[in-house]
Amino acid sequence: MKSKNLAIAGEITPSKTIIPIIEKLREQEREGKLKFKIDKIIGLYHGESSRDLLEPYCDETYSIGEGRRGKKNSRGKLAYLISKDILKSFNALKGKDIDLLITAGNAGDVRKAILAANILNIPVLHIEQDIYNPIEVISQANLITVPSEEYKEYLEKSYNLKNVVNIQGYPMAKYVHNYIKDESNLIDKDEIYGEYGMKEFVLIVLGGDLKDDDIEPLIRSVEELNLKALIAPYRFDRNMVQDLILSPNIKVLPQYVDLLSFMNAASHLIYAAGMGMTIEAGVFNIPSLKIEGFHKTHGSVDLAKELNIPIVKIEEIPEAFENLPEQKESDLVKDSEIAIERLVDLINDFDEKSLKRSGFNSTKQIWNSRKVYR
């Protein structure tokens, strides 16, 4: 039986998307259902948090840089840093006899990893979820998967992409389900209640499309609720957030925490984030509000609507919270299992010779569509 070396690349949410696929591949390998033996899995991580996620599933891991959201660099400096990270990706993949690179998401890790793979002539399977704002270089992947037939048609029509396959779900939902099913992964609710002196609280997660100027009006809206709340600052400076709070009912969490544990303990969720957080809210089935950002069309917006999660402006939070609807029971986990099975089948039958890349015309079309966000 032929042996294959696989490489995976991701930030936090993409890593959570890829992990259940690796688990399924390993399971099928043990059961003799794969057409090849996995010799080695190489992990390209983007930031320390993604390294922590990927390390248990990889034989080797390599840093290919960190996210630069919120960091201001000149165009020249940014081009230098990106080039440096592409070289890191190239060196991580070079000489490893990689048979397939698996990527997910729409951030810099995808760009760097796919470009390096192209230079080394390594075939690429890309898992796309941010349908309306994909990264340009997915056009240089041999195969792209999407979570619905509607999205498949959108990518083909909008960007002339070839070899797009509907896998019918979001693999990350399985990761979240498995993580919370094992209670040893979660901080005990009583421990959280005791540490922050509140038994029922609203969890506020910053991120996504928010800017520094949005934080004060957001806090004022949350204070109008007159409820106990914990704020997860995530990409925002914790001290800046803390200094804006007037109410004793609101406390700020450390910069980075296990959000799944706090979601498990919270009574409600208000968040300004994308697909990952929406999937997590759906799996938890926690009553939620999603804060509207500058991405009016986004995969996470579509999914939030499917889950009956209202999408509101910052100033609309108090009224929307008072009229919060019941969140719909979802098939996210069941559909994720279908998606994982389909992805494993695609990897098992992957034939790069029959899966030509879409090419630079598609690259240009995606590039032009992203101008509005620059």
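- Here the OG-CG distance, from Ser261 to Leu186, works out to 4.5 Å after rounding to the nearest 0.5 Å.
- Across all their heavy atoms, Ser148 and Tyr151 have their closest contact at OG-N, 3.1 Å.
- A 4.5 Å side-chain heavy-atom check between Leu346 and Ile167 finds at least one atom pair inside the cut-off.
- Side-chain atoms of Asn5 never come within 3.5 Å of backbone atoms of Asp39 as a donor-acceptor pair (strictly under, hydrogens ignored).
- Residues Pro171 and Pro20 come closest through the heavy atom pair O-CG, 3.4 Å.
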Could you walk me through whether Ser300 and Thr278 pass side chain to side chain donor-acceptor pair (under 3.5 Å), step by step?
CA-CA 6 Å; Ser300 65; Thr278 304; 4.5 Å; no

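- For the atom pair CD1 of Ile127 and CD1 of Ile144, the computed distance is 11.5 Å after rounding to the nearest 0.5 Å.
- Looking at heavy atoms from C-beta onward, Ile366 lies in side-chain contact with Ile138 at the 4.5 angstrom threshold.
- Looking only at side-chain heavy atoms (C-beta outward), Lys16 and Ile279 stay at 4.5 Å or farther from each other.
- Linking ILVMFWY residues whenever their side-chain heavy atoms come closer than 4.5 Å, directly or via other members, places Leu210 and Ile270 in the same cluster.
- Annotation: side chain of Leu93 is not in contact with side chain of Ile119 (no heavy-atom distance under 4.5 Å).
- Checked by atom type, the side-chain pair Thr363/Gln140 shows a donor-acceptor distance below 3.5 Å.
- A continuous path of Ile, Leu, Val, Met, Phe, Trp and Tyr side chains, each step under 4.5 Å between heavy atoms, connects Leu100 with Ile98, placing both in one hydrophobic cluster.
- No donor-acceptor distance shorter than 3.5 angstrom exists from the side chain of Ser221 to the backbone of Leu218, with no hydrogens or angles considered.
- Using a 4.5 Å heavy-atom threshold, the side chains of Leu332 and Leu303 count as touching.
- Heavy atoms only, all atoms of each residue included: Leu101 and Ala113 are closest at CD2-O, 3.5 Å.
- No side-chain heavy atom of Ile8 sits less than 4.5 Å from a side-chain heavy atom of Ile21.
- Remark: aromatic rings of Tyr45 and Tyr62 are distant, center separation not under 6.0 Å.
- Considering only heavy atoms from C-beta on, Tyr132 comes within 4.5 Å of Asp302 through its side chain.
- A salt bridge links Glu341 with Lys24; the closest basic N to acidic carboxylate O contact falls under 4.0 Å.
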Show your working on salt bridge (charged side-chain N to carboxylate O under 4.0 Å, His left out) between Lys88 and Asp85 and close with a plain yes or no.
CA-CA 5 Å; Lys88 285 183 183 177; Asp85 287 350; 3.8 Å; yes

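- Taking the ring centre of Phe36 as origin, the terminal cationic atom of Lys4 falls inside the region bounded by 6.0 Å and 45° from the ring axis.
- The two residues Lys251 and Tyr196 make their nearest non-hydrogen contact at NZ-O, 2.9 Å.
- Checking side-chain atoms of Asn163 against main-chain N and O of Lys356 turns up a donor-acceptor pair under 3.5 Å.
- Side chain of Gln365 to backbone of Ser158: a donor-acceptor contact under 3.5 angstrom is found.
- Among all heavy-atom pairs drawn from Val137 and Ile114, the shortest one is O-CG2, 3.6 Å.
- A donor-acceptor contact shorter than 3.5 Å links the side chain of Gln255 to the backbone of Phe236.
- Looking at Asn308, its side chain does come within 3.5 Å of a backbone N or O of Glu326 through a donor-acceptor pair.
- Residue Phe262 is not grouped with residue Leu206 when hydrophobic side chains (ILVMFWY) are merged at heavy-atom distances under 4.5 angstrom, including chains of intermediate members.
- Under the 4.0 Å criterion applied to side-chain N and carboxylate O atoms, Lys174 and Glu337 are assigned as salt-bridge partners.
- Rounding to the nearest 0.5 Å places CD1 of Ile131 at 9.0 Å from OH of Tyr159.
- Listed for the Arg357 side chain is no donor-acceptor partner under 3.5 Å among the backbone atoms of Ser139.
- In the hydrophobic clustering of ILVMFWY residues, with side-chain heavy atoms under 4.5 Å counting as a link, Val222 and Tyr271 come out apart.
- Salt bridge annotation for Arg342-Asp345: absent, with no cationic side-chain nitrogen under 4.0 angstrom from a carboxylate oxygen.
- For the pair Ile314/Ile291, a side-chain contact is recorded, criterion being any heavy-atom separation below 4.5 Å from C-beta on.
- Using a distance-only test at 3.5 Å, with no hydrogens or angles considered, no donor-acceptor pair links the side chain of Asn348 to the main chain of Leu34.
- Checked by atom type and distance alone, the side chain of Asn142 pairs as donor or acceptor with a backbone atom of Leu355 at under 3.5 Å.
- Pairs of residues two or more places apart, or lying in two chains, that qualify as ring pair (Phe, Tyr, Trp, His ring centres under 6.0 Å) and include a residue from residues 313-364 are His268-Phe321.
- One finds a salt bridge joining Glu29 and Arg26 here, because a Lys/Arg side-chain nitrogen approaches an Asp/Glu carboxylate oxygen to under 4.0 Å.
- In terms of heavy-atom proximity, Ser3 sits nearest to Asp99 at O-OD2, 4.2 Å.
- A distance of 6.5 Å separates CG of Asp59 from CD1 of Ile42, quoted to the nearest 0.5 Å.
- Put simply, Ile192 and Phe284 are part of the same group of oily side chains (I, L, V, M, F, W, Y) that touch within less than 4.5 Å, one to the next.
- Judged by distance alone, the side chain of Ser288 and the main-chain N or O of Ile286 form a donor-acceptor pair under 3.5 Å.
- With respect to the salt-bridge test (charged N to carboxylate O, under 4.0 angstrom), the residues Glu223 and Arg220 qualify.
- The OG atom of Ser330 sits 5.5 Å away from atom CG of Leu307, with the distance rounded to the nearest 0.5 Å.
- The residue from Arg111, Glu128, His126 that alone fulfils the side chain to side chain donor-acceptor pair (under 3.5 Å) condition with Thr103 is His126.
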